Amino acid sequence: MPYCIETYNLTKRYPVIKGYGDILLHPFRKKAITALNNVNIQIKKNELFGLLGPNGAGKTTLIKILCTLVLPTSGRALVNGLDVEKDGKKIRKIIGYVIGDERSFYWRLTGRQNLRFFAKLNNISHKEADQKIKNLLEFMELTRDADRMFKDYSTGMRQKLAIARGLLTNPEIIFMDEPTSGLDPITAQKLIRFIREKLVGEEGKTVIFATHNLHEVEVLCDQIAIVNGGKVKIAGAVKEIKKMFHSEKRYVIKLKSAKNSLVSKIQNIAIANKVTTIPDDITPDRIQIEFEALSDNGNIFQMVKELVDMGSEISSFYEKEISLGELFSRVIDTGNSTMSLHTMAKI
Ligand SMILES: Nc1ncnc2c1ncn2[C@@H]1O[C@H](COP(=O)(O)OP(=O)(O)OP(=O)(O)O)[C@@H](O)[C@H]1O
C-alpha cells in the first residue's frame, strides 16, 4: 500500500530572539527551540491518522511542514511522494488545511464572501464555487449567518468556517489542527461522523488531525502517533499500542459483605491499588470493597485465594483494559526514550 505521508528524520528548530543579556554575553551563539526532533512517520492513503500530544509537543509544526507552510531544518517530508521543499505548489493543490487561526480570514468580509475569496484563490469557477459554498455552509449549519461579517462570528462559527474553507477544493489529503475545538458537543460529534463516514469512508480521503482529545482519537482514528517534546513517542493502531501494555494485566475485584478490617489488609497487598469502599445495602455492619490489582505473573490468583481464605465473598472479578488516557500519560511520562512497536516503523 503506497504511503501518502512519509517523514525521515524530520527536524525543525525555530530560532529564538535573544535578550540583551544573551547578546552581550554570547554575541555569536544562536538560540533555537527544537519543535521536531528526528521524526519518522509513515501514513497510508485513505487512513484517518491522529496526532496526539500535550501543548507544545510539535503537532502543529509537523502539520505546517506537511502543508508546506514551514520549511524543515533538516530531514525529509513527502506528501504523495512529493517533497515539501521542492514541490510546494503541487502539494498545495492536493491538500486542504483546517486551522482555527482566525487571522487568516478577512474580518470585514462576511462568511460567504470569505469562502468566495478563498475559492477564487484556488481557481474555482464562480458557478462551481457558489454551489460548493452553499452546500458547505448548509453542512456546517452556517447558512443563517453566512452573510454576517466574520468579525461578529463566535469562536465556534469561526471554526466551522475554517472547516468549510479546508474542504472547498475537495482535497485528497486533509490536515486538521484541533478541528473540534470551540464546537459544541453536538456539532463536534457531527463533524467526527462526517470525517469518518463521508470523507474517509465514502470519498477515500486521507485525514491527519492533531488533537488533545483522547476520546475523539479512540473513536475516530485508524492509527495514531503520540508526540511529546518534538519526538514521536509511539505510533501504531490504538489496539496494538494498548497490547504493548498487556504484559502487566489489570484486574478489578469487587467484594461484598466484607468486614471493615479487610480494607487495611488489602491496602497492604503490594499489587492492590485504588481501594474504594461503600456501605453494604443488605448488611449494615459490612461494606463493599472495590480495588484494582496490577499483575504480570499470575500472582493475582494467589491474591484471590488469600482473599477467599480471609472469608471474603468475591462478587466480581474481571480484567480491565488500559484506557487511552492512561496510556497517553504513561507514554508521555517515559522521558526521552522512544518506545518500539513492531508496526511502528511501518504504520
Ligand atoms: N514560530 C515559532 N517560533 C518559535 N517557536 C515556535 C514557533 N512555533 C512553535 N514554536 C515552538 O515549537 C514547539 C512546538 O510547538 P507546536 O505549536 O508545534 O506544538 P503543538 O503540539 O501544536 O502545541 P499545541 O497543542 O499547544 O498547539 C513549542 O515549544 C513552541 O513554543
Side-chain angles (χ1 to χ4, degrees), residues 5 7-19 22-23 26 29-41 43 48-77 79 84-85 88 95-105 155-156 158-159 162-163 166 173-183 188 191-192 207-218 220-221 223-235 241 324-325 327-336 338-339 347:
I5 304 289
T7 73
Y8 300 99
N9 294 330
L10 192 69
T11 298
K12 175 68 189 176
R13 278 188 284 276
Y14 290 108
V16 173
I17 298 168
K18 295 197 289 188
D22 269 341
I23 294 173
H26 312 287
R29 191 183 291 171
K30 286 187 181 160
K31 249 186 155 179
I33 286 179
T34 304
L36 293 180
N37 190 355
N38 288 310
V39 167
N40 295 293
I41 53 167
I43 301 172
L48 219 167
F49 192 92
L51 278 173
L52 202 59
N55 290 126
K59 307 177 295 291
T60 304
T61 302
L62 179 57
I63 287 185
K64 280 187 175 169
I65 291 178
L66 295 170
C67 289
T68 76
L69 295 171
V70 165
L71 283 172
T73 309
S74 61
R76 277 189 93 198
V79 177
V84 293
E85 291 190 75
I95 62 163
Y97 182 34
V98 175
I99 180 175
D101 184 5
E102 39 199 45
R103 284 169 308 168
S104 58
F105 283 104
T155 312
R158 288 173 185 179
Q159 183 68 3
I163 295 164
I173 305 163
I174 306 163
F175 295 94
M176 297 184 163
D177 200 353
E178 294 174 41
T180 55
S181 74
L183 299 185
L191 177 69
I192 283 178
V207 175
I208 295 107
F209 82 100
T211 183
H212 306 115
N213 189 325
L214 300 169
H215 174 69
E216 236 166 50
V217 166
E218 195 144 28
L220 194 60
C221 293
Q223 303 280 331
I224 63 165
I226 299 181
V227 188
N228 192 28
K231 288 189 170 187
V232 173
K233 291 294 192 180
I234 197 164
I241 295 177
L324 189 59
L327 190 149
F328 180 75
S329 324
R330 288 219 214 163
V331 171
I332 295 301
D333 287 343
T334 52
N336 286 328
T338 299
M339 293 194 184
I347 298 162

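It should be emphasised that the depicted structure is a prediction, and the values quoted were computed from it without experimental measurement. For the single chain, residues carry numbers from 1 onward in sequence order. Remember, it's 1-based here, ligands and their atoms both numbered in the order they're listed.
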Residues lining ligand 1 [heavy-atom distance under 4.0 Å, listed by chain and residue number]: Tyr14, Ile33, Ala35, Pro54, Asn55, Gly56, Ala57, Gly58, Lys59, Thr60, Thr61, Glu178, His212
Closest heavy-atom pair, Ile234 versus Ile241, reported as atoms and distance to 0.1 Å, is CD1-CG2, 3.7 Å
Could you list the donor-acceptor pairs under 3.5 angstrom formed between side-chain atoms of residues 50-64 and any protein atom two or more places apart in sequence or on another chain?
from: Asn55; atom 1: ND2; to: His212; atom 2: NE2; distance (Å): 3.4
from: Lys59; atom 1: NZ; to: Gly53; atom 2: O; distance (Å): 2.8
from: Lys59; atom 1: NZ; to: Pro54; atom 2: O; distance (Å): 3.0
from: Thr60; atom 1: OG1; to: Asp177; atom 2: OD2; distance (Å): 2.8
from: Thr61; atom 1: OG1; to: Tyr14; atom 2: OH; distance (Å): 3.0

So, taking the atom named OG1 in Thr34 and the one named NZ in Lys12, what distance separates them when rounded to the nearest 0.5 Å? 11.0 Å
Just how far is it from atom OG1 of Thr68 to atom OH of Tyr97, taken to the nearest 0.5 Å? 10.5 Å
Shortest non-hydrogen pair, Gln159 vs Ser181, comes out as CG-O, 3.3 Å
Inter-residue atom distance Ile208.CD1 - Gln223.CD, 0.5 Å rounding: 12.0 Å
